[in-house]
Structure formats: C-alpha cells, structure tokens
There are 2 protein chains.
Amino acid sequence: MRLQITAEEYGNRQKKLKKIISEEGKEGFITFSALSIFYLTGFHFISTERPACLVIPVEGSSFLFVPHLEIEHAGTAEVLDDVVTYPEYPGEKHPMEHLANALRDRNLAAAQFLAESPAYGSPMGYRGPKLTEILSDLKMTVNPTIIEDMRVIKSTAELELIRESARWGNLAHALLQEYCAPGRTENEVSMRASSEATMAMMKTLGPEYEPKGRVGAMAGFRGQIGKNSALPHAVNINAVMYKGDNLVTGAGAGVGGYNSELERTMFVGEPSREQRRYFQYMMEMMEAAFEAVRPGIACSEVDEAVLSIYEEYDIMDTWRHHTGHALGMLGHEAPFFDLGDDTILEPGMVFSVEPGIYVPGLGGFRHSDTIVVTEDGMDFITYYPRNIDDMIIDV
Amino acid sequence: MRLQITAEEYGNRQKKLKKIISEEGKEGFITFSALSIFYLTGFHFISTERPACLVIPVEGSSFLFVPHLEIEHAGTAEVLDDVVTYPEYPGEKHPMEHLANALRDRNLAAAQFLAESPAYGSPMGYRGPKLTEILSDLKMTVNPTIIEDMRVIKSTAELELIRESARWGNLAHALLQEYCAPGRTENEVSMRASSEATMAMMKTLGPEYEPKGRVGAMAGFRGQIGKNSALPHAVNINAVMYKGDNLVTGAGAGVGGYNSELERTMFVGEPSREQRRYFQYMMEMMEAAFEAVRPGIACSEVDEAVLSIYEEYDIMDTWRHHTGHALGMLGHEAPFFDLGDDTILEPGMVFSVEPGIYVPGLGGFRHSDTIVVTEDGMDFITYYPRNIDDMIIDV
C-alpha cells in the first residue's frame with residue numbers, strides 16, 4: 001500500500017506537460033505555484049513570502065528554484081533534475097535577479113515559455129518584479145489554467161487517495177455524531193472526534209501515511225449550529241448545540257495531498273415537521289443531481305436538475321449557491337455544477353454534490369457527498385448514511 | 001474585555017485610507033483581498049473561487065460585493081454602508097459583469113480608483129477578466145501594498161489581541177512540553193496539547209472569544225523532530241520522538257484575527273555537548289537581536305548583529321534563513337529582519353526573532369519569540385522560558 005503518487009506518475013505528468021508545451025511551439029514551462037510544483041514533482045513545502053519556481057524546458061534539465069532554507073528538503077521531490085537556491089527574501093539581491101541568472105546560466109534567458117503567471121505572488125509581504133522586467137528578451141505566454149486543466153480528470157492513483165481520504169473522513173464524522181449532545185460546544189465535539197479519528201488513521205496506516213497537505217482527519221461544524229446553520233459559509237464561533245437545533249457538518253482527511261468532502265445535516269433530538277419537510281426537499285435535490293450526472297452532459301445540467309426542485313416546491317428564496325464543485329488537491333476546484341458552467345462531464349472527474357436550503361431563523365439543510373463520474377453514470381466516494389432516521393442525535 | 005477590534009477602530013482605518021486616496025488625487029479604493037476586507041470592515045469570511053470586493057469611495061457609500069451565499073453573513077461587518085450580491089460563480093453572467101453594473105449604478109464606472117490588484121484571483125478554479133477590461137473608462141492605479149503598509153504599525157488594540165494570543169500559545173506549549181516522551185508521535189502530543197489548551201482558552205474567555213481566523217490555540221512540531229529538525233521548513237510526517245532528539249516546536253493562538261509566534265528547541269533527555277554548544281550559539285544570536293532592536297535602526301541591522309555570531313563561531317554553513325519577520329494578522333508579514341530590508345524600525349512594529357542553526361544529521365536549533373518595538377527598545381510579547389535547563393524532557 002503506497003499512499004502517495006508514484007515517481008512514475010509525476011514523470012508522466014511532466015511528459016504530458018512537455019507535449020502541451022511543444023504543441024504550442026514553446027521551449028519550456030515556468031510556474032510560481034506551490035501547488036503546481038507539488039503536482040509536477042512531488043515536492044510538498046510551506047509556501048511563504050519567499051518565492052519558489054519550477055522551470056521545465058522541453059529539452060534539457062528541469063530545475064526547482066527555492067530559498068536556501070529548503071536546500072535539503074527539496075531532495076524529497078520525486079521527479080526533478082536540479083535544485084537552485086537563493087539566500088533569502090528580500091535579500092541583498094532580489095530572488096528574481098537570482099532566478100534570472102539561473103535562466104541565463106542555462107541559455108534560457110531569451111526562451112519562449114508557457115507560464116501560469118507572470119510573477120510570484122504572496123500576501124505575506126512579498127514584493128517583486130515580473131520576470132520579463134528583468135529578462136527583456138524572455139517571452140512568457142501566460143495561461144493561468146494550464147495545470148488546473150490537467151488536474152480535472154483524476155487518475156486511478158488519485159482516485160485511490162481520494163477514496164482513502166473519504167474513509168477517514170467517515171470515521172471522523174461517525175465520532176462527531178457520537179459526541180454531539182445538548183450543551184456541548186462545536187469545538188469540544190469537533191476536536192475530540194478529529195483527534196481520535198486522526199490517531200486511528202495514523203495507527204492504521206502507519207509510516208506509509210504522509211499528509212502532504214491537510215494533516216489527518218477532521219470533522220466539525222464551522223459555526224453551522226442552530227439558527228447560525230442558515231449561513232452557508234458561517235465561521236467558527238464556538239457555538240453551543242441545543243435540543244431542536246439543525247447541525248450542518250463537514251468532514252474529510254488529507255492523504256498524500258488529496259482530500260474528500262462529506263457533509264451532513266443532523267438534528268439534536270426529533271426534528272420538527274418543518275425541519276423534516278426541508279430535509280426531504282434537500283434529499284430530492286441530491287437525488288436529482290445523482291440521477292443527472294453522467295459523461296457527455298454539461299455541468300450546468302446537473303444544476304438545472306436541482307433548481308427544478310426549488311421551483312417545484314416554490315422555495316427559491318432558500319437558495320444560496322449552486323449544486324457543487326470539483327475537488328481533489330484543493331477543497332474547491334473547477335469545474336462547477338453551476339448554470340454558467342458548460343464543461344462536459346468526463347469519467348474521472350470528482351465533484352461534491354451539495355445542494356443547500358437555508359431558512360433564516362430556522363437553519364440550513366445541506367448534505368455533501370463526493371462522487372466520481374464513471375463511464376455510465378457516477379459512483380459514490382463518500383458513503384456515510386444520509387437518511388433522516390440516521391441523522392438524529394438522541395437527547 | 002472585548003477580544004475584537006472595535007467598530008471605532010475599523011472606522012478610523014477607513015478614514016485613514018480615504019485620506020491616502022485623497023492625497024493621491026483618487027476618488028476611491030477597490031480591493032479583492034479577503035484579508036483587506038476584514039481589516040477595513042471587520043467582515044471575516046471564507047475566501048473561495050467566488051469573488052469578493054470592497055469599494056470605498058472618498059465621497060458616498062462604501063459597498064461590499066459578495067456572492068449571494070454571504071448575504072446574511074455580510075451583516076456581521078462592523079463598518080460598512082451597503083452590500084451588493086451576485087448569484088453565483090461562474091454564474092450565467094460573470095460576477096465581474098455584476099460588479100461593473102454596481103459601479104455603473106453608483107456613477108463610479110469612470111472613476112479613478114486606487115486598488116490592491118487589477119483583478120480577483122483564487123487558485124480554486126476562478127477565471128475572470130480585469131475590471132478595466134469590462135469598464136474601459138475606469139482608472140485603476142495598482143499599489144499592492146497600500147493596506148499592507150497600513151498594517152505594519154500595530155495599534156494598542158491590535159497589540160492586546162497579539163498579547164492575548166501569546167498567552168494561549170504559552171499554555172499550549174507548556175502542555176506540549178509536558179506530554180513529550182520517548183516513543184510518542186508528534187501528532188498525539190500536538191493534538192492533545194492543542195485541544196486541551198483550546199478548551200481552556202474557550203472556557204476562560206467565554207462567548208466574547210471569536211477566532212476570526214485560526215481557531216483556538218495550537219502547539220506542534222511540523223515534522224521538526226530528531227534529524228528532521230535540521231529542515232527549517234519540514235512538514236508533518238507523524239514523526240516519533242526518541243531519547244537524544246532535538247525538538248523544534250511552534251505555538252500560537254488565533255484571537256480576533258491576530259496571531260503570535262512562539263517556538264522552542266527542546267531535547268528528549270540530557271543534551272549532548274554538541275547539542276549544548278549549538279544551543280548556546282543560538283541563544284547568543286537571540287540576545288544579539290534583542291539588543292539590536294530599537295526605533296530608528298534599519299531591519300537589516302538586526303540581521304547583521306545575528307550574522308556576526310555565525311561568523312564569530314565560523315558556522316555560516318549552518319545558516320539557512322534571516323532573523324525574523326513581522327507578524328500580526330498573517331503568520332509572516334513585511335518587513336523582515338533581513339540584510340536586504342532597510343525599513344526603519346518604529347514603535348508598534350511586531351516581529352518574530354528566530355535565528356536558526358541547522359546541522360544536517362544532528363538537528364535544528366531555533367527559538368522564536370514575538371516582540372514589539374517600543375519607544376526605547378523592545379518588549380517581549382511571548383514569555384515562555386528559553387534557557388536550556390527548562391528545555392529538557394525528562395526521560
């Protein structure tokens with residue numbers, strides 16, 4: 001059992017990228033994105049104000065450009081020819097000057113590159129020029145989604161990591177549900193469930209487990225308890241749960257850089273008629289989405305299927321967001337189950353399905369399941385119970 | 001006790017910003033940064049692929065532009081005139097088209113704005129145009145550091161939140177040290193200490209406590225255990241601690257959107273002569289930095305004082321990074337205690353002091369304390385013991 005993407009697969013990603021570069025008539029690729037560096041080389045690191053950059057020429061050696069403090073750590077990259085370091089940011093000489101020199105040393109200072117962005121960016125106090133402001137003969141054609149597009153269809157290995165993530169998200173969620181009780185706070189329940197699930201996960205998986213991103217398993221509420229659950233993106237307020245409350249949860253786990261998403265609407269004690277009614281509408285929306293998903297249709301059609309249920313029950317006033325989003329390395333990725341997204345579904349795409357109903361003064365109703373598009377429809381990746389009878393916290 | 005920035009202070013920030021805008025001859029300010037929106041209005045929210053934007057004209061009403069799912073939540077902003085929502089991203093009409101309409105509605109479509117960036121950006125699948133590509137008469141003068149510069153000198157209220165953060169980081173670290181023992185993993189020790197400290201923090205502070213960012217208190221190792229501690233930015237590998245290991249820790253807590261930083265080098269059992277020697281060098285470096293800090297000197301001078309100790313002991317081969325960074329809302333902020341940073345120190349600036357010594361095969365030696373520049377020198381914000389006798393885990 002290997003809970004990481006293999007060196008072979010990282011190599012194949014780079015080969016595929018080189019093919020794209022060649023087809024576009026360019027000589028190489030430059031990225032300043034920590035996520036893309038990880039996706040292409042397997043080097044997972046902490047992104048800060050200190051610039052990092054990966055250069056992959058079609059011919060010749062690739063190199064990773066990182067601050068001196070990563071010099072030994074960069075050795076954990078799976079597929080990479082060379083590492084170049086600069087002393088520090090801001091440094092006596094700006095890191096971009098060092099990068100320009102590294103490109104000059106390799107006769108790449110006047111090359112034609114594909115790039116994800118023209119410059120490094122970080123909110124942590126980074127300031128610096130575009131690379132072409134230093135190397136005026138360099139040509140950088142910017143396509144911000146070149147790697148993002150490669151990430152949309154998941155490989156067999158990626159799906160395995162996402163499924164492994166779902167297992168431990170499931171455990172964290174089961175413990176979360178077990179520990180819910182009137183008077184308890186969101187954080188005591190969440191921390192207990194998350195810690196125990198993480199310990200079980202790590203003991204089970206052993207040293208093969210490396211998070212390369214989110215560490216361990218997690219389940220919580222992010223403030224969506226009681227009336228506050230009517231805010232789709234509430235934030236943690238250390239909310240207390242009481243009898244009668246809606247709870248909207250979220251759970252997942254980090255495995256080799258990949259994630260899954262599991263959310264449930266639960267009730268503290270017997271739900272009221274009104275709560276049951278909105279829950280039932282939400283379940284019908286989920287079913288409509290599951291039935292719609294198949295290769296060849298547009299993402300927008302899944303959202304349309306869900307919207308028809310809001311209309312059927314005349315509850316558009318409870319609508320706050322579209323049906324779902326892709327995910328994998330990040331919690332949200334393109335494409336989206338959204339009226340405005342005409343991306344055609346293909347096998348291997350992974351999405352959340354999470355239509356939501358939000359009733360101010362009462363609460364929110366949203367399950368989220370992670371699914372994968374298959375040759376003839378879809379498969380569930382998350383598998384937690386979803387019927388109302390399983391969603392009731394005994395009081 | 002209020003553990004938040006007051007509405008009055010948010011208002012003053014906006015007033016100060018309007019003064020800057022006027023002085024530069026502009027009519028308003030635009031930001032797409034979730035952090036700047038929080039800094040200026042007190043609205044803390046989850047940033048995703050869905051664009052958010054704050055518009056502050058010098059004359060007339062400010063407005064926040066957010067997805068429909070934030071419509072009720074945006075009411076938690078402390079100082080804000082108006083909220084405009086768009087249905088969804090990507091949506092049938094792109095959010096930037098909706099924003100353009102909102103500016104047209106307010107006769108701002110041809111205004112001269114100061115901006116932090118020309119467009120919204122997010123790695124979560126966002127794609128979209130610059131605002132000026134839709135509104136060709138709009139003038140946006142981009143200064144990416146306008147709000148960052150305002151954040152450099154901390155107010156009395158900000159310092160109180162950072163000090164409150166340090167208290168709970170201190171508790172988390174004390175528990176972390178207590179739970180360290182040979183054979184234990186980084187995650188079991190870290191999760192136990194962090195959960196208990198968070199529970200104590202929340203029970204102590206009560207409902208006045210709102211994280212508005214990092215939730216609760218945290219202490220851990222991020223993989224810096226044993227030989228792996230020689231990687232300054234190691235990542236979590238669920239490392240096991242053994243007798244003889246160096247441990248390099250990190251602790252902090254989120255309070256009203258502010259943070260602090262506390263790091264310590266500890267030893268599992270009696271340190272060797274070599275461990276004591278490097279620890280002593282590191283302590284001399286810290287003292288050199290503390291002695292150097294005072295208003296009127298350049299940030300670079302603090303780094304120079306520390307570098308002279310590496311040179312004195314002929315250990316430049318163990319150097320991996322500069323002496324420290326500013327912090328407050330983010331874990332790293334400008335300016336930096338770095339040879340290349342000539343920013344002049346002023347009272348109210350908050351920094352980490354964290355010179356590090358990294359010996360491959362042995363381990364890392366780095367304490368980090370958070371300090372504030374005062375009228376005549378500096379004050380400690382973190383106050384955890386730092387001498388070697390207090391850093392030894394009994395085995």
Side-chain angles (χ1 to χ4, degrees), chain A residues 33 35 44-46 48-49 67-73 88-94 123-125 127 144-145 148 185 187-188 191-192 195 198-199 202 207 209-212 215-216 230-238 320-322 325-326 330-336 338-341 360, chain B residues 33 35 44-46 48-49 67-73 88-94 123-125 127 144-145 148 185 187-188 191-192 195 198-199 202 207 209-212 215-216 230-238 320-322 325-326 330-336 338-341 360:
Chain A
S33 152
L35 188 72
H44 169 63
F45 65 104
I46 298 164
T48 69
E49 69 284 356
H68 186 61
L69 68 82
E70 296 287 13
I71 189 164
E72 290 93 0
H73 192 211
E88 232 331 344
Y89 171 82
E92 291 181 289
K93 185 159 86 174
H94 193 282
M124 294 182 161
R127 295 126 199 227
T145 66
E148 213 177 286
T185 66
N187 288 300
E188 67 181 305
M191 289 191 301
R192 185 176 170 199
S195 303
T198 297
M199 284 310 300
M202 290 180 172
Y209 173 66
E210 287 189 36
K212 305 238 168 175
V215 177
L231 302 177
H233 277 192
V235 294
N236 192 304
I237 51 168
N238 199 28
R320 293 290 179 279
H321 57 73
H322 55 212
H325 52 78
L330 293 179
H332 291 200
E333 298 179 351
F336 302 92
D338 180 286
L339 280 189
D341 196 325
Chain B
S33 153
L35 188 72
H44 169 64
F45 65 104
I46 298 164
T48 69
E49 70 284 356
H68 185 61
L69 69 81
E70 296 287 12
I71 189 164
E72 289 94 0
H73 193 212
E88 231 332 345
Y89 171 83
E92 291 181 288
K93 185 158 86 175
H94 193 282
M124 294 181 161
R127 295 125 200 228
T145 66
E148 214 177 286
T185 67
N187 288 301
E188 68 182 304
M191 288 191 301
R192 185 176 170 200
S195 302
T198 297
M199 284 310 300
M202 290 181 171
Y209 172 67
E210 289 189 35
K212 306 239 168 174
V215 177
L231 302 177
H233 277 190
V235 294
N236 192 305
I237 51 168
N238 199 27
R320 294 290 178 280
H321 58 73
H322 55 212
H325 52 77
L330 293 179
H332 291 201
E333 297 178 351
F336 302 93
D338 180 286
L339 280 188
D341 197 326

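Each chain gets a letter, A, B and so on, in the order the sequences are listed, and its residues count up from 1.
Looking only at heavy-atom pairs under 4.5 Å with chain A, the residue among G91(B), P211(B), A234(B) that has the most is G91(B). Of the listed residues (A334(A), A230(A), P360(A)), the greatest number of heavy-atom pairs within a distance under 4.5 Å of chain B belongs to A334(A). Of the listed residues G340(A), P335(A), A326(A), G216(A), the one with more heavy-atom pairs under 4.5 angstrom with chain B than any other is G340(A). Taking I46(A), L35(A), L330(A) one by one and counting their heavy-atom pairs under 4.5 Å with chain B, the maximum is reached by I46(A). Per-residue counts of heavy-atom pairs under 4.5 Å with chain B were compared for M124(A), E92(A), E88(A); the largest is that of E88(A). Of all the listed residues (M199(B), K93(B), H332(B), E72(B)), the one sharing the greatest number of non-hydrogen pairs under 4.5 Å with chain A is H332(B). Chain B forms the most heavy-atom pairs under 4.5 Å with one residue out of E210(A), E148(A), E70(A), and that residue is E148(A).
Note that NE2 of H321(A) is 10.0 Å distant from NE2 of H68(B), once rounded to the nearest 0.5 Å. Taking CG of N236(A) as the reference point, atom NZ of K212(B) lies at 12.0 Å (rounded to 0.5 Å). From I237(B), atom CD1 reaches atom NE2 of H44(A) across 11.5 Å, with rounding to the nearest 0.5 Å. The distance from atom NE2 of H325(A) to atom OG1 of T48(B), rounded to the nearest 0.5 Å, is 9.0 Å. Summarising the geometry, atom CD belonging to E49(B) is positioned 4.0 Å from atom CZ belonging to F336(A); distances are rounded to the nearest 0.5 Å. Rounded to the nearest 0.5 angstrom, E188(A) CD and M202(B) CE are separated by 10.5 Å.
In this structure, chain A has a heavy atom under 4.5 Å from the side chain of D338(B), while its backbone stays farther away. Looking at P90(B), both its backbone and its side chain come within 4.5 Å of chain A, counting heavy atoms on both sides. For N238(A), the part lying near chain B is the side chain, with the backbone staying farther off; criterion is any non-hydrogen pair under 4.5 Å.
Residues satisfying the salt bridge (Lys or Arg N to Asp or Glu O under 4.0 Å) test with E333(B), not counting sequence neighbours, are R151(B), K154(B).
Of all non-hydrogen atoms in S195(B) and M191(A), the two that sit nearest each other are O-CE, 3.5 Å.
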